[in-house]
Amino acid sequence: MIPLTRPVVGKEEAAAVADVLASGWLTQGPRVEEFERRIAEYCQARHAVACSSCTTALHMALLTLGVGPGDEVIVPALTFIATANAVVHAGATPVLADVDPRTYNLDPAAAEAAITPRTRAIIAVHQIGLPADLDAFADISRRHAVPIVEDAACALGSRYRGRPVGGHAPLVCLSFHPRKVITTGEGGMVLTGDDEFARRLRLLRQHGMSVPDTQRHATRRLIVERYLCIGYNYRMSDLHAAVGIAQLARLDQIVARRRALAAAYDAAFADEPCLQTPYVPDFARPNYQSYALQLTAQASFGRDALLAKLRARGIAAKPGIMTIHREPAFGGRCAGALRHSEHASDSSLLLPLFPDMAPAQQQEVVATVRDAVRVLRDGTRGRKDSRPGRQRPLPATVSSPPAKEPIA
Ligand SMILES: Cc1ncc(COP(=O)(O)O)c(C=O)c1O
């Protein structure tokens with residue numbers, strides 16, 4: 001199988017973990033502090049607070065804003081379920097709004113229309129790494145006095161109007177799950193420009209403890225901590241952070257490679273009338289955490305039929321982003337008003353894309369997709385012709401991957 005994705009990890013990560021093991025300090029400590037400092041610097045954010053996942057980052061971000069029972073939080077209907085789960089974890093109600101059919105991101109007009117007197121926040125998701133229209137959300141935020149939380153789980157390394165994602169909203173949440181552009185195994189972070197938010201986040205992630213362990217252990221003085229609020233154990237460990245520091249050093253190279261591979265896919269599918277390549281607004285420079293194709297109205301066959309053919313031929317493509325409201329956990333129903341989300345979810349597919357993808361692997365994905373589309377199209381027209389399609393050469397943008405070190 002050509003996999004959908006594969007994290008880039010090598011001897012630097014292994015050495016960093018070995019150093020932490022040898023140090024004797026395994027939980028949240030100096031490596032976490034260093035990782036936070038480096039991510040804050042990269043994203044041009046004032047504070048970075050590491051935690052155990054993006055889901056816990058979102059939960060804490062909402063608590064920091066005072067979201068609780070009786071409140072509503074607007075989220076896109078088309079997103080990973082964790083975005084909405086975090087709202088429920090905070091005791092509030094997620095209100096689903098539709099996405100822009102071109103970008104798959106929350107449509108600012110739909111979000112604004114969903115505002116009620118109970119709305120306490122809007123979560124703008126940078127879906128599969130494509131920045132949402134942050135200026136439009138900032139304008140809504142100002143006019144309605146409703147704060148924006150960015151779910152940037154997939155968007156580290158993306159840019160909005162030239163600036164890194166992470167430095168804009170009051171609260172931005174990142175993920176370091178292995179499906180993201182860099183990973184710590186599991187992990188998350190909240191970025192914020194607000195000193196008081198940062199203080200609350202640091203309390204929430206560590207049981208509400210008034211003094212972090214690092215501070216208590218750094219002195220011979222007796223410091224007895226107090227527990228200032230009901231907090232959580234949402235800590236990141238130093239083992240995870242050490243991997244993250246090594247990964248961050250690779251980020252620019254990884255993103256450049258992902259962009260080159262995406263450009264090659266764009267060129268290879270540009271003339272296929274059944275397929276729509278990703279739309280990128282002028283303000284956005286995505287990291288291509290995923291590469292999504294959408295079936296056009298000219299495709300007389302279903303997305304799942306195409307996926308089945310690809311999987312049978314060794315390509316681990318998968319369905320596009322899920323819709324929240326059609327999952328059993330959220331009612332499991334279609335909702336007429338969320339038609340762009342439903343259509344995007346049903347008609348899109350994600351193709352393999354990973355930094356060490358060899359040109360021959362990408363060539364194989366392209367040839368297999370084009371051939372499968374041709375067979376399905378011709379089949380639905382009643383023909384039986386299944387000769388292999390002409391294999392188009394890949395454009396010159398794809399060079400060999402940086403063969404620096406082994407990929408685990
Ligand atoms: C948009 C979005 N939000 C939140 C999450 C949750 O991230 P984590 O697995 O770090 O909790 C994901 C993970 O895939 C995601 O894609």
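No hydrogens, no waters, no symmetry mates; every other heavy atom, side chains included, goes into these values. First listed ligand is number 1; within each ligand, the first listed atom is number 1. This is a predicted model, so every value here is computed, not measured.
For Arg259, there are no salt bridge (charged side-chain N to carboxylate O under 4.0 Å, His left out) partners, not counting sequence neighbours. With sequence neighbours left out, Ala241 forms a side chain to side chain contact (heavy atoms under 4.5 Å, CB included) with Arg31, Val32, Phe35, Met236. Residues forming a side chain to side chain donor-acceptor pair (under 3.5 Å) with Arg37 (at least two apart in sequence, or on another chain): none.
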Pairs of nitrogen or oxygen atoms, one from ligand 1 and one from the protein, closer than 3.5 Å: please tabulate them with distances.
residue	atom	partner	partner atom	Å
ligand 1	3 (N)	Asp151	OD1	3.1
ligand 1	3 (N)	Asp151	OD2	2.7
ligand 1	10 (O)	Cys54	N	2.8
ligand 1	10 (O)	Ser175	OG	2.7
ligand 1	11 (O)	Cys54	N	3.3
ligand 1	11 (O)	Thr55	N	2.9
ligand 1	11 (O)	Thr55	OG1	2.5
ligand 1	14 (O)	Lys180	NZ	2.8

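No side-chain donor-acceptor contact under 3.5 Å links Thr56 and Arg205. A donor-acceptor contact under 3.5 angstrom links the side chains of His59 and Tyr234, judged on distance only.
Using a 4.0 Å cut-off between charged nitrogen and carboxylate oxygen, Asp194 and Arg200 do not count as a salt-bridge pair.
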